[in-house]
Each structure stands twice: as structure tokens, then as C-alpha cells.
Amino acid sequence: MLDPKLLRTDPEAVARNLARRGHVLDVASFRRIEERRKALAIETDRLRAERNLHSKAIGAAKGRGEDIAPLMARGEALAGEVARVDAELTAVQDELDAWLLGIPNLLDASVPDGADESANVLVRRVGEPRRFDFEPKDHVAVGEGLDGFDFDTASRLSGARFAVMRGGVARLHRALAQFMLDLHTREHGYTEVHVPYLVSRATLTGTGQLPKFEPDLFAVPHDPALFLIPTAEVPVTNLVRDRVVAAGDLPLRFVAHTPCFRSEAGAHGKDTRGLIRQHQFDKVELVQIVRPADSPQALEALTSHAEAVLAALELPYRVVALCAGDIGFASTKTYDLEVWLPGQGKYREISSCSNCDAFQARRMQARWRNPETAKPEPLHTLNGSGVAVGRALVAVLENYQRQDGAVTIPDVLRPYMGGAKELR
RNA sequence: GGAAGGGUGGCGGAGCGGUUGAACGCACCGGUCUUGAAAACCGGCAUCCCCGCGAGGGGAUCGUGGGUUCGAAUCCCACCCCUUCCGCCA
């Protein structure tokens, strides 16, 4: 949620910023409804003040043993007026709140212009794509050659966009997650957390998936409604919802390995082959909760933590700054990490690292006590994949494949593979 | 699923129709004392919104949403959550 104060004081500036995303802010209708809200609020406050005064007078009169009956009629009339104006105010307020929840975050000044991913800006490229002296296969072919993927059976169990993995490939998948978790907890100061995979509507509203993106989620019929998490960002960031975190406890750094569930509405026909785009996939997620002044550096640090995974696996990758039109709803600035996939001959997203500044914190009521003001103020939240496990598996299979069909196991994963050097 | 109890400020915990935004304690901030620190003592200390240059004034908030009432933290209803016991269960 945007700072309502900023929206009231300078809606044009907000509109200009959001226009970079392609979001049209209807300033005129906001002005109209905001004026109405304000008038109603003032009127309600006035009437309530009058009613409170009157009620107090009745109490005092009663205390003195006087006859109250003549005062009651006026009291009833006031109560009626308050109820009428209050109902109007509530309606306007609800309309305004709903509207506010649908507005994306403001963009950081450093975000490049552009409408879609073609305008994203290369920040750096790390590692050189390996030269193959044979035609590299894609991960589906490599994995099936190892008897490690079974997409046919998966579709029989659950339909399209699911996978069954087995044997060494399944273990390699687990090894990747374990390795990432160990790296982030040992080297980067994150605390491992294990969190619910089913969350409430309020939790999803806190991080911004709801109310706008409900079609992308899997809902579970239950009262009250529950949804499968589309990313661990949701439960992990919400760890601080409705809390005032002590300044001394910041920054908070959490890492979680969870499955993620996405209905991928609107992605029909995209990446239908293989593991790239599934309804269910595993991800190791990094979340940081920081003091507002620290969030820009925290984004750089968090991104470097995700990069460390790819560096350790010796996978070639590049870092891209997302342009205005490609940045997610809750983010003010995002870096994507794209890993080289020889089977596709291109870089593909494997991590997305975002600074959400106070946007999610305001929705979640997540605050810290600022020692300078002694007041509770919204925190800043950041999240990033560190990294997507399924896509990391894809990258390892494709980059480490050999002509004989075997796959070399990257050094750092060998301890997690019982010391094995290759999959065959 | 059944039964009972409970959800109050950063935390603990009183209050159970009117002057209670909320006793008291802890934490925190300022001061006195001290060579310094601790202790002790004194004072301050919820959040949001509105009016006002300011001093100040007003409104809302005691899990959430309804209701009763001139007036609700206090009474009624529904829902959510927590604790304990029973049942079931990996």
C-alpha cells in the first residue's frame, strides 16, 4: 500500500511515477472521493463529539439524582444522526481502501524505463557459457536419459505442468535445496524457518498477492478460505505482521525452503516442455526485514547472496535490472538473475530479488520503533529467490551434461550426493 | 469433532454500563544521587485521523464484525484465534 499521506498531498507525483509502469492513476476520481471522505469524516467527528458530550451530561445528571427523561429525546435524535453519517463514511472509506489495495508500489528512481522485459538492463555477466564439442540436449532429454524424469506419469496423477522425479535426479534436486540452505545460514547470516504452505486471505493481502492476483493462486475449499503459497515470500515476510520489532533486532534475515504453487493463469502454451514452468516447484527463498534507510544496500546484499549460489555451482549467469514495465506489483526495484541454459541457448530467470520498501509493511502493519522519533514506523521488506530449486536442477543438468549422457555433479553438491561425482 | 477458559498498550496484567485511553508492574526515555555504574527516588511514556500558525481542542481504536443503549473494554449474537482436557490422528 502506498503512503496515503503522499497520495493526498501530491497525487500528481504519484501518478507520474506509476505511469512509468503503465499504471493509470485516476487522480480526478481520487480527488472527488477523498474530498467526500474528508467532509464526511469531519461531520461524523462533530456529531460524535456532540453525542459524547450529551451522554456525559446525562451521566452527570443521573449522578445528581435528577430527572433524565427530558434529555433522552435529544440523545436519541443524536444517535440517529451519528448512525446515518457514519454509515455513509464507512461506505466511502471501504471504497477508498479497496482502491488503495489495488495500486502498485512506486518505482525507485534508478529503475530503467521500458514497457516489457526487452527493455531490462544488463547489470553484469558472470561466467562464460561452456563450449560443447557436441550438440547439448535440453534438461528433459538429459533427465529422461538418466531415467530421472517422468512427465507422463505426472500428468496421469495431476494433469499438465507437474513432474515426477526419481533416483539420482530426485536426489540432486534435494541436494541443491540442502546446499542453498546451508550456504545462506552459514555464510550469509540467515535464520532457517519452516512455515505453513497454506495461508489466509489476510496474509496474502499483506504481501500484495491479494486482492488483485487471486486467479494466479490455488485456493483450498475451507472456511475460512486458505490458499497454497505461490512463494515462501508470503508466509516468511508475514512473520512480522502486526508486530513492532525492536530496533536492536534488525535486520531480520530468514531463509526457507518450500514448495510453491501457481496456477499460471494466462501462461497457456508457454514453456510447456519440462521443468521450467510448473504448477508446483521448490524454491529456497531469502527474506530480509530492515530499517528503511538500509533497504537499498540490503537489496544489493540479498542479490549477491543469491548470486553466490550460482557462483558456487559454477553456472554462468547474468544480473538484469528490471525495467518499469516488468517490475512486480509490490516491488520498488528488482534484479533478476538469469542462468545460462545450453539446451535453450539462452539465459533464463532463476531468481528475482526485490525491495518492497514500506509497501508490504504498511499492508501488514509491520513496524519498528525508530529511536530517532520514538515512534513505530513501517519497516522495509525484501525478498529474493536464493534460488529456484527446479530451475537450478535444469541448469545443472544442461550445463554439466556429457556426450555419453552422464552428468557431472558440481563439486559443492558432492557432499550432499554421498560423494558421487556423476549421475549416469 | 466435544467441553471449559481466555483474547486489553512494546511485554505482563487489572478493569466488567457513565468522570477509564484504560490501575499496577516490567521495559523504555529524561532527571536527582554517585568518581563511574548499579540500586533508590522523581517525572515522562499507545496508535491513527481531523481542526488550529501555536497553545490547545475534537474523533476513533481494549481479537473481528454486527446488535442493545442517551452512553459499551464492560451486556447480547456471530465469526476468528489461543490455552487446557477428551476424542481422533501422521
Side-chain angles (χ1 to χ4, degrees), chain A residues 1-9 30-31 33-98 100-101 194-206 210-211 220-227 235 238-250 252 259 289 291 358 361-379:
Chain A
M1 199 164 75
L2 298 183
D3 181 358
K5 219 171 267 175
L6 179 66
L7 204 49
R8 280 196 291 266
T9 54
F30 168 70
R31 278 241 165 77
I33 188 166
E34 171 55 23
E35 257 167 52
R36 184 159 156 66
R37 184 201 64 81
K38 194 164 176 177
L40 280 167
I42 291 173
E43 175 68 356
T44 313
D45 278 6
R46 210 207 82 233
L47 278 170
R48 281 204 275 230
E50 195 177 340
R51 183 215 43 203
N52 290 349
L53 218 57
H54 190 74
S55 292
K56 231 167 231 184
I58 291 180
K62 204 173 170 186
R64 280 183 255 111
E66 293 169 12
D67 180 22
I68 283 169
L71 293 169
M72 295 295 258
R74 176 67 184 141
E76 271 175 64
L78 276 171
E81 279 183 72
V82 168
R84 180 180 53 76
V85 183
D86 199 34
E88 272 188 76
L89 176 63
T90 305
V92 172
Q93 192 75 62
D94 286 351
E95 191 184 337
L96 206 54
D97 289 347
L100 220 49
L101 284 176
H194 186 269
V195 290
Y197 303 155
L198 287 166
V199 294
S200 68
R201 203 171 269 285
T203 300
L204 283 153
T205 304
L210 290 180
V220 174
H222 182 267
D223 191 26
L226 287 174
F227 298 84
N238 273 279
L239 252 22
V240 291
R241 83 166 12 252
D242 292 321
R243 301 229 337 242
V244 179
V245 181
D249 290 343
L250 297 172
L252 296 173
I289 313 290
R291 299 175 184 226
R362 272 188 222 104
R363 290 172 162 246
M364 294 189 299
Q365 297 272 25
R367 298 171 297 172
W368 70 304
R369 194 168 293 278
N370 183 345
E372 281 172 35
T373 61
K375 291 204 169 293
E377 294 170 11
L379 286 157

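In what follows, chains are A, B, ... by sequence order, proteins preceding strands, each numbered from 1.
Atom NZ in K62(A) sits roughly 10 Å away from atom C1' in U69(B) (whole-Å rounding). Atoms CD (E377(A)) and C1' (U47(B)) sit 13 Å apart, rounded to a whole Å. To the nearest angstrom, C1' of A46(B) lies 8 Å from CZ of R369(A). Protein atom NE2 of H54(A) is 16 Å distant from nucleotide atom P of U19(B), rounded to whole Å. Protein atom CD of Q365(A) is 10 Å distant from nucleotide atom P of C48(B), rounded to whole Å. Here the P atom of nucleotide U69(B) and the CE atom of M72(A) are 10 Å apart, to the nearest Å. Nucleotide C45(B) holds its P atom 20 Å from the CG atom of N370(A), rounded to whole Å.
Close to G71(B), at under 4.0 Å from its OP1 or OP2, lies no side-chain N or O of N52(A). Distances shown here put a side-chain N or O of K5(A) below 4.0 Å from the OP1 or OP2 atom of C49(B).
Two residues, V244(A) and R367(A), neighbour RNA chain B, and the one matched to the more 5' nucleotide by heavy-atom proximity is V244(A). Residue order along RNA chain B, read from the 5' end via each residue's closest nucleotide, puts A374(A) first among A374(A) and I42(A).
Under 4.0 Å is where a charged nitrogen must lie from a carboxylate oxygen, and between R31(A) and E34(A) no such pair does. By the 4.0 Å N-to-carboxylate-O rule, E95(A) lies too far from R37(A) to be salt-bridged with it. For the pair E50(A) and R74(A), the salt-bridge criterion is met [side-chain N within less than 4.0 Å of a carboxylate O].
Using a 4.0 Å heavy-atom distance criterion, R51(A) is classed as a sugar-phosphate-only contact. The residue A79(A) sits close only to the backbone: its heavy atoms come under 4.0 Å of sugar-phosphate atoms, none of a base.
Closest to the side chain of P224(A), from the set C80(B), G59(B), U47(B), is C80(B). When the nucleotides C70(B), C48(B), C49(B) are ranked by their closest atom to the side chain of K375(A), C48(B) comes out on top.
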